[in-house]
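Only one structure is covered here, and it is reproduced in the block below.
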Amino acid sequence: MTTSSSLWQPFTLGNVELPHRLALAPLTRSRANPDGTPGELAAEYYGQRASLGLIITEGTQPSEDGQGYLNTPGIYTPEHIEGWRKIADTVHAGGGALFIQLMHVGRMSHPDNTPHHRRPVSPSAISAEQDMFTPMGPQKTPVPRELSAHDIQATIAGFRHAAASAIAAGADGVEIHSANGYLLHQFLSPNSNHRTDEFGGSVESRSRFVVAVARAVAEEIGADRTGIRISPAFPLGGINEGDPVDVRTQYRHLVGELATLKLAYLHVHHLGDDELLRSFRDTWPAALLVVRYGRDREQIADDIDAGLADIAPLGRFALANPDIVQRLRTGAPLNELDPGTLYGGGAAGYTDYPALAHA
Ligand SMILES: Cc1cc2nc3c(=O)[nH]c(=O)nc-3n(C[C@H](O)[C@H](O)[C@H](O)COP(=O)(O)O)c2cc1C
């Protein structure tokens with residue numbers, strides 16, 4: 001049972017007043033329509049979880065190039081905006097705030113999964129060599145096309161447009177996905193970025209694209225409506241950021257640069273280097289969200305209690321328990337997650353996890 005009182009203190013994040021220190025972590029559910037409009041159950045799904053306060057959405061592509069997985073939503077067409085508006089309205093009606101996660105997957109894609117069927121893009125022509133689920137079954141991610149200098153500027157402009165579209169849909173902000181092996185992480189990591197221009201080589205140059213995206217988004221919609229997620233050393237999608245000393249150097253520099261932009265929050269998918277996390281805490285001027293990898297129910301409040309985090313977003317607990325806030329407050333038992341219904345499909349494992357009264 002999670003009794004720590006630190007979880008139940010209100011918090012101001014950017015422009016948003018939060019009732020407690022929990023949040024919904026971004027969770028890809030692959031139930032959007034083929035054109036990238038959120039599916040018809042998405043408003044119900046997010047609305048059921050509005051008591052989490054800060055609702056960070058599933059990874060959402062800012063452009064056609066940004067899509068990697070089947071049936072993920074987009075936020076770059078008028079239809080996408082209309083679809084997201086229903087979700088924003090439902091979350092607001094439930095007292096929550098909506099941040100749409102902007103996820104450009106870069107090389108973690110396959111032409112069979114994108115609207116334009118073109119080769120995926122990345123800082124360098126280096127394959128992630130991962131299995132990707134496609135309509136033809138699992139296939140290897142191909143060797144991506146290296147982004148040209150012009151492509152890089154167009155990609156940044158795409159993030160800008162997507163952020164503006166999120167606000168037009170009624171979202172309270174966006175979270176830039178710079179974690180988990182996707183495009184921004186591919187720029188940061190030396191094994192996926194072999195560029196010799198100003199976007200590759202040194203720690204400073206490998207950080208440049210991430211900082212440029214964050215600056216553009218903050219300029220477009222306001223820094224107080226912009227968050228960013230990182231996952232130092234997380235080896236997803238073929239990423240290898242080197243030894244812990246290199247990782248610390250990279251991320252201390254990046255977080256220092258991002259700190260000058262006065263963003264609403266930094267969201268860390270944290271693998272366990274507490275010295276690094278402590279240095280973020282000491283230098284980051286605003287809210288720090290921490291998802292500690294592998295924590296159990298009893299450990300949810302630990303980083304807040306230790307002064308290492310302000311907010312503890314929940315992924316799988318919240319996926320399987322729409323009323324997780326009430327359950328944690330009262331020490332009620334939790335629903336079990338069904339791994340078979342995480343991605344794709346309909347209501348089963350999406351909107352039909354029971355709330356307490358019906359559990
Ligand atoms: C089904 C599923 C989908 C996920 N999709 C995303 C995503 O779209 N974007 C992201 O940044 N992280 C994603 N994650 C990672 C979660 O946000 C979270 O960091 C992770 O599940 C660990 O937290 P937990 O132990 O509370 O589940 C996903 C995780 C799961 C289980």
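Just so it is clear, the values below take in all heavy atoms, side chains as well, and ignore hydrogens, waters and symmetry mates. Every number for a ligand or one of its atoms is a count from 1 in the order of the listing.
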Is any N or O atom of R229, backbone or side chain, closer than 3.5 Å to an N or O atom of ligand 1? yes

Enumerated ligand 1 atoms positioned under 4.0 Å from heavy atoms of G59: 8 (O)

Can you tell me how far the CG atom of D302 sits from the CG atom of L308, to the nearest 0.5 Å? 10.0 Å

Check the side chains of H270 and D303 for a donor-acceptor pair under 3.5 angstrom, ignoring hydrogens and angles. no

Which of the atoms in ligand 1, numbered in the order shown and given with their element, are less than 4.0 Å from a heavy-atom of A25? 17 (O)

Rounded distance (nearest 0.5 Å) linking atom CG of N71 with atom CZ of R29: 13.0 Å

Within 4.0 Å of some non-hydrogen atom of N180, the atoms of ligand 1 are 10 (C), 11 (O), 12 (N)

Verify the distance criterion only: is there a donor paired with an acceptor across the side chains of Q250 and R206 at less than 3.5 Å? yes

Top protein contact for atom 3 (C) of ligand 1, by heavy-atom distance: T28 N, 3.3 Å

Can you find an N or O of G315 that's nearer than 3.5 Å to an N or O of ligand 1? yes

In terms of atom number and element, which parts of ligand 1 are under 4.0 angstrom from non-hydrogen atoms of H269? 19 (O), 20 (C), 22 (C)

Between N240 and N191, is there a side-chain donor-acceptor contact under 3.5 Å, judged purely by atom types and distance? no

Decide if the gap between the ring center of Y182 and the ring center of H104 is smaller than 6.0 angstrom. no

Check R295 against ligand 1 and report side chain, backbone, both or neither, counting heavy atoms closer than 4.0 Å. side chain

Hey, are D282 and S279 close enough side-chain-wise for a donor-acceptor pair under 3.5 Å? no

What is the closest protein heavy atom to atom 25 (O) of ligand 1, and at what distance does it sit? R316 NH2, 2.7 Å

Can a side-chain donor-acceptor contact be found between H110 and Q139 if the only test is distance below 3.5 angstrom? yes

Relative to ligand 1, is V291 under 4.0 angstrom through side chain, backbone, both or neither, heavy atoms considered? side chain

Report yes if some heavy atom in the side chain of L54 is under 4.5 Å from a heavy atom in the side chain of F11; otherwise report no. no

Here's one to test your reading of the geometry: is the NZ or CZ of R329 within 45 degrees of the ring axis of W8 and under 6.0 Å from its centre? yes

Checking the N or O distance criterion of under 3.5 Å, is ligand 1 in contact with P26? yes

Please list, in number order, the atoms of ligand 1 under 4.0 Å from a heavy atom of Q101. 7 (C), 8 (O), 9 (N), 10 (C), 11 (O)

Of the backbone atoms (N, CA, C, O) and the side-chain heavy atoms from C-beta on, which set of Y293 has a member under 4.0 Å from an atom of ligand 1: side chain, backbone, both, or neither? neither

Nearest neighbour in protein (non-hydrogen) for atom 30 (C) of ligand 1: L27 CD2, 3.6 Å

shortest atom 2 (C) of ligand 1-to-protein heavy-atom contact is with Y343 OH, 3.5 Å

